[in-house]
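One structure is given below, encoded as structure tokens.
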There are 4 protein chains.
Amino acid sequence: MSTEQGMRLRADAQRNRDQIIAAATQAFLDEGTEHPMEEIARLAGVGIGTLYRRFPDREALVRAVAQDNFGALADEARAAIAEEDTSWDALVRLLGRSRVLRLSLRLSLLSPATWHTIHDDPLIVRHRTDILELLDEIVRGAQTEGTLRPDVGTGDIAVLGTLLLRQGPGKEEMLTRALSLMLDGLRASPGTPLPGRSIGLQDLITSMQKT
Amino acid sequence: MSTEQGMRLRADAQRNRDQIIAAATQAFLDEGTEHPMEEIARLAGVGIGTLYRRFPDREALVRAVAQDNFGALADEARAAIAEEDTSWDALVRLLGRSRVLRLSLRLSLLSPATWHTIHDDPLIVRHRTDILELLDEIVRGAQTEGTLRPDVGTGDIAVLGTLLLRQGPGKEEMLTRALSLMLDGLRASPGTPLPGRSIGLQDLITSMQKT
Amino acid sequence: MSTEQGMRLRADAQRNRDQIIAAATQAFLDEGTEHPMEEIARLAGVGIGTLYRRFPDREALVRAVAQDNFGALADEARAAIAEEDTSWDALVRLLGRSRVLRLSLRLSLLSPATWHTIHDDPLIVRHRTDILELLDEIVRGAQTEGTLRPDVGTGDIAVLGTLLLRQGPGKEEMLTRALSLMLDGLRASPGTPLPGRSIGLQDLITSMQKT
Amino acid sequence: MSTEQGMRLRADAQRNRDQIIAAATQAFLDEGTEHPMEEIARLAGVGIGTLYRRFPDREALVRAVAQDNFGALADEARAAIAEEDTSWDALVRLLGRSRVLRLSLRLSLLSPATWHTIHDDPLIVRHRTDILELLDEIVRGAQTEGTLRPDVGTGDIAVLGTLLLRQGPGKEEMLTRALSLMLDGLRASPGTPLPGRSIGLQDLITSMQKT
DNA sequence: TATGAATGAGTATTCATTCAT
DNA sequence: CATGAATGAATACTCATTCAT
């Protein structure tokens, strides 16, 4: 929930901003990014005017929420690298443990319009690049360890990761099992060679720009 | 694109109906289920009044599109069972090959509002039940064959299936590889036992009602 | 429910026409003259196309209904004169007894738009003129009899009559009593002279054209 | 044109509200309660959004106008009691003099739909009850004075009153004469006994709930 | 001729955004 | 600065009327 901006805000203004981001995040997750601005202001306990003073239009708010969440996800990736013993553990943690962060990207999936809004924002691009580079570090580490099959690329993993970033039919346990199944497919010495060639970090970044 | 209704429509009316469903499906996929009704009518080449004569409000249209697509998915499952040699092949085909059908379920994911619209419709419920029962047949067949690990349930597979029903970062090849990774995790004699207990057909149906 | 038109219709066409008029009369009374044309067609048991073949637009239908009812009211006035022993009795009957006919004019009161529609129609004008002339005959008769105070004009009576042409708070008995009270005020040798001068037949006709 | 609500509005908002009520009252009287909302907003000199902020739909506006007018009618009844020397005079004033107020109730008569909208509103019900109780006070006073025939009830008078609450063929003078005729029928020592039994306050209230 | 499908102008209503208090 | 009132463009939906079957 950090400001991510150059200028510091007065304490109360910062509190308002945080409440708005929190309310918007929740509303976007529950009701989609088209949710009425006035309702978001109400949930945040501020007037609609205050919301607009901080975020000049809906796009700005969506961007801010996305920046906030992507930044947190990058932080989580750094923490996973720092705190886990092996790269495999870091990978498992990143794909599986960060419940809240997992919600992050759902934002970008809720509506086609939102995708366009988010896509080009410089700060978001930087966070995304950070995340992918951190993931790349983990992936190569795990392949060096011999725990991750060598024919997958960082992009493959990222794809699997984004697949998990949705409400499935719902239950947490289900996603946990799905993750296990996927990780079983990722372990070194798997059954079948993968089709196509490894999707690397750069492939993924390129594809995000084009899509 | 079949009518799915009791009464036959006049030939031209049926054609209009089909065009509307087709246009709406496309518009919903491209732009989300909030896309302006007038634009959908225009894409279908009919007047706005014609659209509303057939579908009294947006919900009715969303429901009709969903019915159409879920029905086609059930048909595809039946075809997979009938035409593939092994249950494993049927599973691979169902998870991976039905490009168009895969788009089906994306509809239910585009917005929380859409989910509510679709959730209780009797015909959709029936299609969904059919799909799950057909999948159950495939899963048990594959386990009998010894090609599918015995500790996964139909629900586990369904979760994986829905995970694929999204635009990932985009590319088809990426999803193909992701599927391969998943299928590797599904083959008999995997590395690790799965956490929790097998998610069966009934678990899934129950969870869909509660969520 | 007579045709009131030059050309005879085929038997089934006439039946359709009558059903439409009946349905429209009922719908207008129950729901107002803005009631959807399609619903009126349905009530009449015909297709919307048939309704429009007979009545090219809503105005035509409203006019036809009004013609039908005003014509019946003129008939009733003639019958009252022919069948009642005294002019006073004819007056009482006309103001009070013609339950169905009383509903006639409510049509002209339901909406300002309807009033304009009806106002200038030649056939309606003729019916209205007939009604007023018949009423004039009754009024002068009653004054000659000495049963009606001499300082009221035909227009005064007509005003009282139209006042009754509404659903009051509802009950029939209430309107009957109201009529009695009014008639008590109309009897010869009343308490107070009326303000203004007698409103005659011509005054009323003139005022209808101007309003 | 008073607010009739708990919370005070900002001065400018109150002014807008009053203008809207005034414009709507006029438009409803001239053109009926189906008159386009946008036109009403224009007449009030506000944007359509402002109208909808204050009155969330047409029903709310109709209700507000009715509340406003019925309230004013109750006030007029109170003033008549307070300011007139005799109950008879109060009755005459109430039935005859309140030009503007007389228009009040026309609102409830314009369309069947409007009637439903208004019928159950608690504030309107209270105003209506107030009006009837005040009228009851006047009626009993006039009967005690000996100026009003004893065989009429408050309900009879109310029925006469509502009969006047319409545009007759139009002219003011006509209605004045009609009122005189009615009042002549109401004076003590009339010619004929009334049919049925006196319609009392409670009869009327009951009939309003049932109709 | 009867039918009901198609059309699109007309209205109600919502909600993003601006602006006065 | 915070607030919430005002605005009007965008959109959903209705229904009179026309036209193909």
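A note on names: the letters A, B, ... follow the listed sequences, proteins ahead of strands, and every chain is numbered from 1.
- Whole-Å rounding puts the R42(C) CZ to dT14(F) C1' distance at 16 Å.
- Following rounding to the nearest Å, D12(B) (CG) and dC19(F) (P) show an atom-to-atom distance of 16 Å.
- You'll find the side chain of D68(A) stays beyond 4.5 Å of the side chain of T25(A), heavy atoms only.
- Panel note: side chain R54(A), backbone N16(A); no donor-acceptor pair is recorded below 3.5 Å.
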Below 3.5 Å is the cut-off: list the nitrogen or oxygen pairs between protein and nucleotides 10-13 of chain F, distance only.
from    : atom 1 : to     : atom 2 : distance (Å)
dA12(F) : OP1    : R58(B) : NH2    : 2.1
dA12(F) : OP2    : M37(B) : N      : 3.0
dC13(F) : OP2    : Y52(B) : OH     : 3.0
dC13(F) : OP2    : R58(B) : N      : 3.4

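- When side chains are defined from C-beta on, L43(C) does not count as touching Q26(C), because their heavy atoms never get closer than 4.5 Å.
- With the nearest nucleotide of DNA chain F identified for both G47(D) and R15(B), G47(D) has the one nearer the 5' end.
- The CG-P distance, from L51(D) to dT11(E), rounds to 15 Å in whole Å.
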- [ ] Assess whether side-chain contact (heavy atoms from CB on, under 4.5 Å) is satisfied between R17(A) and F55(A), documenting all intermediate values.
- [x] CA-CA 9 Å; R17(A) 199 195 125 92; F55(A) 306 99; 3.5 Å; yes
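- Inter-residue side-chain proximity for L61(A) and F28(A) is flagged as met; some heavy-atom pair is nearer than 4.5 Å.
- Within the 4.0 Å cut-off from OP1 or OP2 of dA2(E), at least one side-chain nitrogen or oxygen of N16(C) is found.
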TODO: Treat a base pair as Watson-Crick or G-U wobble with both distances under 3.5 Å, then lay out DNA chain F in dot-bracket form, 5' to 3', with | for cross-strand pairs.
DONE: .||||||||||||||||||||
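- Side-chain atoms of R42(A) never come within 3.5 Å of backbone atoms of G47(A) as a donor-acceptor pair (strictly under, hydrogens ignored).
- At dC1(F), none of the side-chain N or O atoms of R53(A) fall inside 4.0 Å of OP1 or OP2 (strictly under the cut-off).
- For I40(A) and dA16(E), the CD1 to C1' distance is 11 Å, given to the nearest whole Å.
- Among the nucleotides dA2(E), dT7(F), dA2(F), the one closest to the side chain of T50(C) is dA2(E).
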Open item on the list: With side-chain contact (heavy atoms from CB on, under 4.5 Å) as the criterion, how do V46(B) and I20(B) come out once you've worked through the C-alpha distance, each side chain's angles and the decisive distance to 0.1 Å?
Closed with: CA-CA 8 Å; V46(B) 302; I20(B) 292 168; 4.0 Å; yes
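- A straight line from CZ of F55(C) to P of dC15(F) spans 21 Å, rounded to a whole angstrom.
- Residue-to-nucleotide proximity on DNA chain E shows that, of V46(B) and G49(D), the 5′-proximal contact is made by V46(B).
- Of all heavy-atom pairs spanning I40(C) and A23(C), the tightest one is O-CB, 3.9 Å.
- Partners of I124(C) by side chain to side chain contact (heavy atoms under 4.5 Å, CB included), not counting sequence neighbours, listed by chain and number: R63(C), A66(C), Q67(C), F70(C), I118(C), D121(C).
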